[in-house]
Trainee: 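Let me begin by handing over the structure; questions about it come next.
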Amino acid sequence: MLVWGVADFLVRVVAVRIGSVSTAFFVQAIGLVVPGAALAILMMSSGLGDVDWVTVFWLAPLVALLLGVAYAVYYTGLERGSASVVSSVASAWLLVSVLVAALALSESVSWQQGGMIALVLAGILTIGVQPGEGSRNSSGIGYGLAAMVFLGFALASWKPLTEAAGPFLAVLTARALASIVTLGLIRARSMALIWPSTRFGVWVLVGAASLDAAGFVTYNIALDRAPVVVVAPLAAAHPLGTILLAMLFLRERAGRFQAIGIALTLIGVVGLSVVSES
């Protein structure tokens, strides 16, 4: 939750300079260093252990495809819209992940969790009532909703992938393939990869990539020890950090309905975290 919140803010800073798609690719590619180093240390100390390679071979590409598209959509929203709105709406990926966990992974959802999920939905709908200044796309809610769906399926699917490969190998394989998916999108759209032109931009990009990867590593370690319905709500509260940083440094201000919607969404996310832990 903490590292993803800061990472998303840094992504916004660099995406407005080099573009969202280039940012998405470099964040994934540079971020491979973190799980790669962790996996190397694990192999030197105790080895990989039992790996279900059959599951890895078919599930890792699926997770990568979902994740690659999610990155492109989410980062485009952070570049073109309000970081507060996009981050808040996209955080409702927990709703999709919890539903997938309940329907496909046979995890139980209590009535308290159901109530918090309804609150998150109410928050998203309220944000959409008043997109803010400019067009609907200027707020980024459309990008946030698309990211919500793709991230939700990807992060729920990571549970069986983690069980098959372990947290470090799962992150490394899925993110490596996701970077290839993103590169394919760039080539298909005949876009150029843009590297930051300043030392500040490079450091911001490296910081965003490192924190983003660290978030996935810790998320998958948690999935190795707890159900999706417990881990996902905690991780999905990352917009708290993004919104605070956006308000402090980017001087973002939400409209009345946007503020209410963001509050409802975050209350629902935090509330779902609490009832899932109890």
Side-chain angles (χ1 to χ4, degrees), residues 1-8 31 34-35 38-39 42 49 52 55-56 59-60 62-64 66-67 70-71 74 87-121 123 147-175 178 211-242 265-278:
M1 177 185 71
L2 294 175
V3 295
W4 270 343
V6 179
D8 286 351
V34 175
L39 184 62
L42 176 66
D52 182 356
T55 300
V56 172
L59 188 55
L62 174 60
V63 173
L66 293 169
L67 190 64
Y71 263 91
Y74 184 43
S87 183
S88 297
V89 175
S91 73
W93 60 261
L94 79 91
L95 169 64
V96 179
S97 290
V98 168
L99 291 177
V100 170
L103 297 175
L105 304 180
S106 300
E107 294 186 5
S108 60
V109 180
S110 67
W111 67 267
Q112 295 99 328
Q113 290 172 319
M116 293 300 102
I117 289 173
L119 190 60
V120 171
L121 281 176
M148 174 192 78
V149 174
F150 284 105
L151 282 172
F153 277 100
L155 293 173
S157 301
W158 232 315
K159 175 66 173 181
L161 181 59
T162 299
E163 292 176 342
F168 302 125
L169 182 59
V171 174
L172 184 63
T173 54
R175 283 178 61 94
L211 290 173
D212 183 71
F216 276 99
V217 168
T218 51
Y219 178 81
N220 278 265
I221 291 174
L223 284 181
D224 200 35
R225 304 181 181 184
V228 174
V229 295
V230 173
V231 177
L234 292 169
H238 64 83
L240 290 170
T242 306
T265 302
L266 294 181
I267 290 171
V269 169
V270 174
L272 188 52
S273 303
V274 173
V275 298
S276 296
E277 283 291 311
S278 61

Trainee: Over all heavy atoms of both residues, which pair between Ala226 and Lys159 is shortest? Give the atoms and the distance, please.
Mentor: O-NZ, 3.0 Å
Trainee: Pairs in or reaching into residues 149-158: which pass side-chain hydrogen bond (donor to acceptor under 3.5 Å, both in side chains), with residues at least two apart or in two chains?
Mentor: Trp158-Asn220
Trainee: Which pair of heavy atoms, one from Gly31 and one from Ala213, lies closest together, and at what distance?
Mentor: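 Taking every non-hydrogen atom into account, O-CB, 3.2 Å.
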Trainee: Taking all non-hydrogen atoms of both residues into account, name the closest pair between Met116 and Gly268 and its distance.
Mentor: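 Shortest heavy-atom separation between Met116 and Gly268 comes out as CB-O, 3.7 Å.
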Trainee: Give me the atom names and distance for the closest heavy-atom approach of Ala90 to Ala147.
Mentor: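 Closest approach of Ala90 to Ala147, heavy atoms only: CB-CB, 4.1 Å.
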Trainee: Determine the minimum heavy-atom distance between Ala174 and Val63, stating which atoms define it.
Mentor: CB-CG1, 4.0 Å
Trainee: Looking only at heavy atoms, which two atoms of Val56 and Ala165 are closest? And how far apart?
Mentor: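 Of all heavy-atom pairs spanning Val56 and Ala165, the closest is CG2-CB, 3.6 Å.
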Trainee: Evaluate the side-chain proximity of Val96 to Val100: yes if any heavy-atom separation is below 4.5 Å, no if none is.
Mentor: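 SC-SC contact between Val100 and Val96 confirmed.
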Trainee: Can you tell if the side chain of Leu223 reaches within under 4.5 Å of the side chain of Val228, non-hydrogen atoms only?
Mentor: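 The answer is yes, as the side chains (C-beta and beyond) meet within the 4.5 Å cut-off.
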Trainee: Mind telling me whether Trp4 and Tyr219 have parallel, tilted or perpendicular rings, with 30° and 60° as the class edges?
Mentor: tilted
Trainee: Compute the ring centroids of Phe153 and Trp93, then answer whether they are less than 6.0 Å apart.
Mentor: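 Here the rings of Trp93 and Phe153 have centres that are no less than 6.0 Å from each other.
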Trainee: Starting from the C-alpha separation in whole Å, work towards a yes-or-no answer on side chain to side chain contact (heavy atoms under 4.5 Å, CB included) for Asp8 and Tyr74.
Mentor: CA-CA 10 Å; Asp8 286 351; Tyr74 184 43; 2.6 Å; yes
Trainee: Rounded to the nearest 0.5 Å, what separates atom CG in Leu95 from atom CG in Leu119?
Mentor: 11.5 Å
Trainee: Tell me which one of Val3, Asp212, Val171, Leu172 satisfies side-chain contact (heavy atoms from CB on, under 4.5 Å) with Val217.
Mentor: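 Option passing the side-chain contact (heavy atoms from CB on, under 4.5 Å) with Val217: Val171.
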Trainee: Return the CG to CG distance between Leu62 and Leu67, rounded to the nearest 0.5 Å.
Mentor: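 Answer rounded to 0.5 Å: 11.0 Å.
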Trainee: How many angstroms lie between CG in Leu66 and CG in Leu151, if you round to the nearest 0.5 Å?
Mentor: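 The CG atom of Leu66 sits 9.5 Å away from the CG atom of Leu151.
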